[in-house]
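Encoded as structure tokens, the structure appears first; notes follow it.
Only heavy atoms go into these numbers, but all of them, side chains included; no hydrogens, no water, no symmetry mates.
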Number of protein chains: 2
Amino acid sequence: MNESEFLAGYDPRDYPAVAVTVDVVALTIRGGGLRVLLVRRGEQPHAGRWSLPGGFIRPDEDLPQAAARELAEETGLSDRVHIEQLASYGAPGRDPRMRVVSISYLAFAPDLPDPRAGTDASDAAWHPVDKVPELAFDHGRILDHGLERARGKLEYTPLATAFAGDTFTISELRGVYETVWGVPLHAGNFHRKILSVPGFVESTGETTESGGARGGPRAKLYRAGDARLLHPALLRPAREETIR
Amino acid sequence: MNESEFLAGYDPRDYPAVAVTVDVVALTIRGGGLRVLLVRRGEQPHAGRWSLPGGFIRPDEDLPQAAARELAEETGLSDRVHIEQLASYGAPGRDPRMRVVSISYLAFAPDLPDPRAGTDASDAAWHPVDKVPELAFDHGRILDHGLERARGKLEYTPLATAFAGDTFTISELRGVYETVWGVPLHAGNFHRKILSVPGFVESTGETTESGGARGGPRAKLYRAGDARLLHPALLRPAREETIR
DNA sequence: CGAATAGTGTCTATGAGACAGTATCTT
DNA sequence: AAGATACTGTCTCATAGACACTATTCG
């Protein structure tokens, strides 16, 4: 029997049902740190545990739509949120109930309001990524993948602007990089570098209304430019240990 | 009803079945060009059309396992092949029969034998990527994503060595880059650069048995090193048009 | 021998990063 | 006044890329 014959005789309905879910790693910057949106599970399995927001896909709904819907159900926001596919997970046994394949999405948002009042407020919260409790299923691994992807994407895409508001200062943008990468950056060099990358940011011609909270002159305001890729890229300080 | 209650009351068996497949973008270098493994569909829909090798996942089989199995069924080889997840596709209607979510994988192999004799030989072939016929389903888009991913990965990972044999010369490695990127590279500068990236290649101490077919001295042989990331990266010649 | 290739030397332009310095603002 | 911050100037070092050159091997 060759592959074609095998496929023809193969009816997936003969097999145990496969469920498909989307899970969202939603990141924002709050209180000076990077945070991820978690929801507390109300039902078994893993009842009471924190998990990534997500759920089963619905008929006639594309995957990115499903991810946006799940996110909107928790945050009330679908606007101003950048969303992109992360990876898929389908190991047998990752959900004890049945075979579940999860398509994960990565979402970046500027400082969002608290998870929306429509749902039980105690059930969803922004957790600092360095103090995340043990998560349900394999969500801890998904979160790790999402964080590493986000850190990498800051290097060669203008994604950092998705964490900022419509307009921002170079210092605020530097704060995004420092928060996501977890390393301090040199203010002067960063400033010059951002302005030297074509299409990364464009000036609004305005400045902040006042100086910084602890002094300093008013800063010029910028908005996101039209570049889709940064060239040259902003490379993270070398991490010798992660190369091998 | 909050999210937890919704999930609890939601039985995916109540909805039309969702099938999960893996599809593999398998690339190799043959006859001086980059080629992709395609199989001809024997059954409806899209009977007679070329498509990526793939099929339904089986119970108790992890996703990478399923991809490796599908590839092995066509090539007879599972060894020496690098395989990694690419992306997932689940738009309603992408398969006319039912809701199908496809997890795609990207595979890189050194010059492989022809698709194996066990299956009907006329049903599988390595196609030059610049002369691919119209593919079934949305496989054309999946292939495009795979090619772009492969091109990008050559920049910052030692993936090029997966296209070469166990040992190779710097010239052969340059050939991989030129073929996948589709641009000529400067031989001298490439040579120096490869040797300057820690852990990319390591010398075997041997040389080729003879010089090149058209003359030139014997070349030193190398094998893949232990680096997982290239630092500094090998950047493609700037492509201004792709940045915006 | 003539041509092609492997490998090295050298020069230039560019960018990263260290450091310094000035102007402006808050407390 | 003191300190913090925005921004700019300048220097050094590493790398990319252009070009040149030698040595080796094939036809």
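Residue Arg218(B) holds its CZ atom at 14.0 Å from OG1 of Thr169(B), rounded to the nearest 0.5 Å. Here CG of Leu143(B) is found 10.0 Å from CG of Leu106(B). Values are rounded to the nearest 0.5 Å.
Judged by distance alone, with hydrogens and angles left aside, the side-chain atoms of Thr208(A) form no donor-acceptor pair with the main-chain N or O of Gly211(A) at under 3.5 Å.
Distance from the side chain of Arg214(B) is smallest to dT5(C) among dC19(D), dT5(C), dC7(D). The side chain of His186(A) lies closest to dC19(C) when the candidates are dA23(C), dC19(C), dG7(C). Which of dT26(C), dT8(D), dC26(D) sits closest to the side chain of Lys220(A) comes down to dT8(D). When each of dA18(D), dG7(C), dG15(C) is scored by its nearest atom to the side-chain atoms of Ile170(B), the top-ranked nucleotide is dG7(C). Taking every side-chain heavy atom of Leu195(B) into account, dT8(C) is the closest of dT8(C), dC26(D), dT8(D). Here the side chain of Pro217(A) is nearest to one of dA6(D), dA4(C), dA6(C), namely dA6(D).
Among the heavy atoms of the strands, none lies under 4.0 Å from Ala187(A). Using a 4.0 Å heavy-atom criterion, one finds that Gly211(A) contacts the sugar-phosphate atoms exclusively. Among the heavy atoms of the strands lying under 4.0 Å from Arg218(A) are primed sugar atoms or P, OP1, OP2 only; no base atom is included. Counting non-hydrogen atoms under 4.0 angstrom, Gly188(A) reaches a base of the nucleic acid. Counting any heavy atom pair closer than 4.0 Å across all strands shown, Ser196(A) reaches no nucleic acid atom.
Counting to the nearest Å, the C1' atom of dT8(D) and the CZ atom of Phe190(A) are 16 Å from each other. Whole-Å rounding puts the Leu230(B) CG to dT15(D) P distance at 14 Å. Atoms CD1 (Ile194(A)) and C1' (dT8(D)) sit 16 Å apart, rounded to a whole Å. Protein atom CG of Leu235(A) is 12 Å distant from nucleotide atom P of dT15(D), rounded to whole Å. Summarising the geometry, the separation between NE2 on His191(A) and P on dG9(D) is reported as 11 Å, rounded to the nearest angstrom. For Asn189(A) and dT14(C), the CG to P distance is 18 Å, given to the nearest whole Å. dA18(C) atom P lies 10 Å from atom CG of Leu185(A), rounded to whole Å.
For the pair Ala233(B) and Ala213(B), nearest-nucleotide mapping onto DNA chain D gives the more 5' position to Ala233(B). Between Gly215(A) and Thr169(B), the residue anchored closer to the 5' end of DNA chain C is Thr169(B), taking for each the nucleotide with the nearest heavy atom.
Looking only at atom types and distance, the side chain of Ser88(A) has a donor-acceptor partner in the side chain of Ser88(B) under 3.5 Å away.
Against DNA chain C, the stretch residues 171-183 of chain B makes heavy-atom approaches under 4.0 Å through Ser171(B), Arg174(B).
For Arg192(A) against dG15(C), no side-chain N or O and base N or O form a donor-acceptor pair under 3.5 Å.
Screening Arg94(B), His145(B), Arg141(B) against Tyr89(B) for a side chain to side chain donor-acceptor pair (under 3.5 Å) leaves a single residue, His145(B). Shown are Val24(B), Leu71(B), Thr28(B); of these, the side-chain contact (heavy atoms from CB on, under 4.5 Å) with Leu37(B) is made only by Leu71(B).
The aromatic rings of His139(A) and Phe137(A) sit tilted relative to each other, their planes meeting at an angle between 30° and 60°. Between Tyr177(A) and Phe200(A), the angle of the ring planes goes over 60°, which puts this pair in the perpendicular group of the 30/60° scheme.
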